[in-house]
Amino acid sequence: MPEFPDVELYKQRFEAHALHRRIESVVLRDRPLLSGASAQALQKALLAHRFVISKRHGKYLFLGIDTGRWLAAHFGMSGALEYADSEDESVQYERLRLVLEHGGRLSYTSRRRLGRITLIDDPQAFIEEKRLGPDALGIAAREFEIRIGAKRGSVKSALMDQTTLAGIGNIYSDEVLFQSGLHPRTPVERLEKKSLAQLYRTTQRVLQAAVEAEADPHHFPDGFLTPHRREGAVCPRCGGTVKRMQIGGRSSYFCERCQPPLSSGSRRPERV
DNA sequence: AGTACCACCTGACGGC
DNA sequence: TGCCGTCAGGTGGTAC
């Protein structure tokens with residue numbers, strides 16, 4: 001479930017448990033997971049070394065090694081980074097295991113195997129190479145408004161475009177739009193500056209809340225859509241029905257009453 | 001610069 | 001129980 005709040009959680013757990021501990025073994029259980037490096041190179045880069053720093057940018061996690069190199073991890077649609085004090089228990093869908101000194105293991109898991117791990121020299125260069133936009137939570141209001149405002153097409157696609165803004169995926173774009181009262185198909189060019197400013201504040205609030213809830217929908221604040229993100233579910237705001245619609249090839253969930261389409265004349269979305 | 005579709009992968013779930 | 005279609009929070013490539 002890795003959008004930005006999930007990856008932020010992996011980072012926090014990594015820092016709490018795995019930082020500065022010597023890596024005593026490297027077990028790669030899924031060779032294709034590794035891109036641009038051999039299993040031997042990975043082994044050599046990590047074995048007997050320590051992670052000394054970590055960074056997150058959008059959905060990417062960068063783990064800095066004491067040699068100055070970095071492990072860059074992307075989690076695809078079904079990956080996670082898990083830590084446990086015990087090193088002997090088996091972990092479902094584990095693809096890479098790092099056993100740490102004093103016991104404990106760090107596991108990169110991936111059910112659908114869509115994620116990738118890479119060895120890199122410089123996260124900033126990697127971010128530029130991938131043409132990732134600024135991190136969705138670090139960005140300033142003005143830059144958000146400029147970048148989103150410059151897009152065309154649906155506001156949902158704009159929020160999800162990683163080159164515009166890094167970190168927001170299908171789930172959180174739906175949540176932001178629900179909290180904003182915007183229909184996901186709303187064309188960006190129909191949003192006034194005021195609506196863009198509001199969209200910025202809502203984006204920050206939603207991401208912040210998700211991180212505080214440890215990316216667990218059960219702990220999201222009341223009135224959030226995510227725990228009710230199923231076709232036919234009851235809208236947590238108005239009691240209406242949650243609808244599903246394909247937008248940009250992705251399933252979008254929204255409440256027709258709380259997020260009405262802009263009528264052809266009006267330029268300002270109105271909350272019901 | 002958009003959208004639409006395919007590909008990469010594996011698994012969970014509902015219907016019959 | 002088994003088979004089948006559909007869906008799933010990702011990115012990247014192609015064609016239009």
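Predicted model only: the values in this text are computed from it and were never measured. So that the names make sense, note that chain A is the first sequence line, chain B the second, and so on, each numbered from 1.
For the pair Arg111(A) CZ and dC7(C) P, the computed distance is 16 Å after rounding to whole Å. Residue Ile247(A) contributes atom CD1, which lies 16 Å from atom C1' of dG9(C) at whole-angstrom precision. The distance from atom CZ of Arg229(A) to atom C1' of dG9(C) is 7 Å, rounded to the nearest whole Å. Following rounding to the nearest Å, Gln246(A) (CD) and dC7(C) (P) show an atom-to-atom distance of 7 Å.
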**Asked** Could you write nucleotides 10-16 of chain C as a row of B, S and -, 5' to 3', where a protein heavy atom under 4.0 Å of any base atom gives B, of only sugar-phosphate atoms gives S, and otherwise -?
**Response** BBS----
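On the nucleic acid side, DNA chain B contacts chain A at distances under 4.0 Å to non-hydrogen atoms, with the end points of that region at dA1(B) to dA12(B).
Enclosure of atom NZ in Lys55(A) is not indicated, since only 12 or fewer non-hydrogen atoms of other residues, nucleotides or ligands lie within 6.0 angstrom.
Backbone-only engagement by Gly153(A) is indicated by non-hydrogen atom pairs under 4.0 Å involving sugar-phosphate atoms exclusively. As judged by a 4.0 angstrom heavy-atom cut-off over every strand, Phe4(A) is placed among residues making no nucleic acid contact. Among the heavy atoms of the strands, none lies under 4.0 Å from Ser173(A). Contacts of Arg244(A) with the nucleic acid, taken as non-hydrogen atoms under 4.0 Å apart, involve only primed sugar atoms and P, OP1 or OP2. Across all strands, Arg230(A) comes closer than 4.0 Å to no nucleic acid atom at all (heavy-atom distances). Residue contacts shown for Ser251(A) are limited to sugar-phosphate atoms, with no base heavy atom under 4.0 Å away.
By the 30° and 60° cut-offs, the orientation of the rings of Tyr172(A) relative to Phe220(A) is tilted. Between Tyr108(A) and Phe75(A), the angle of the ring planes stays under 30°, which puts this pair in the parallel group of the 30/60° scheme.
Remark: DNA chain B forms stems of 3 or more consecutive Watson-Crick or G-U wobble pairs, all pair distances under 3.5 Å, at B:2-8 with C:10-16, B:10-16 with C:2-8.
Between Lys156(A) and Asp174(A) a salt bridge is recorded (basic side-chain N to carboxylate O distance below 4.0 Å).
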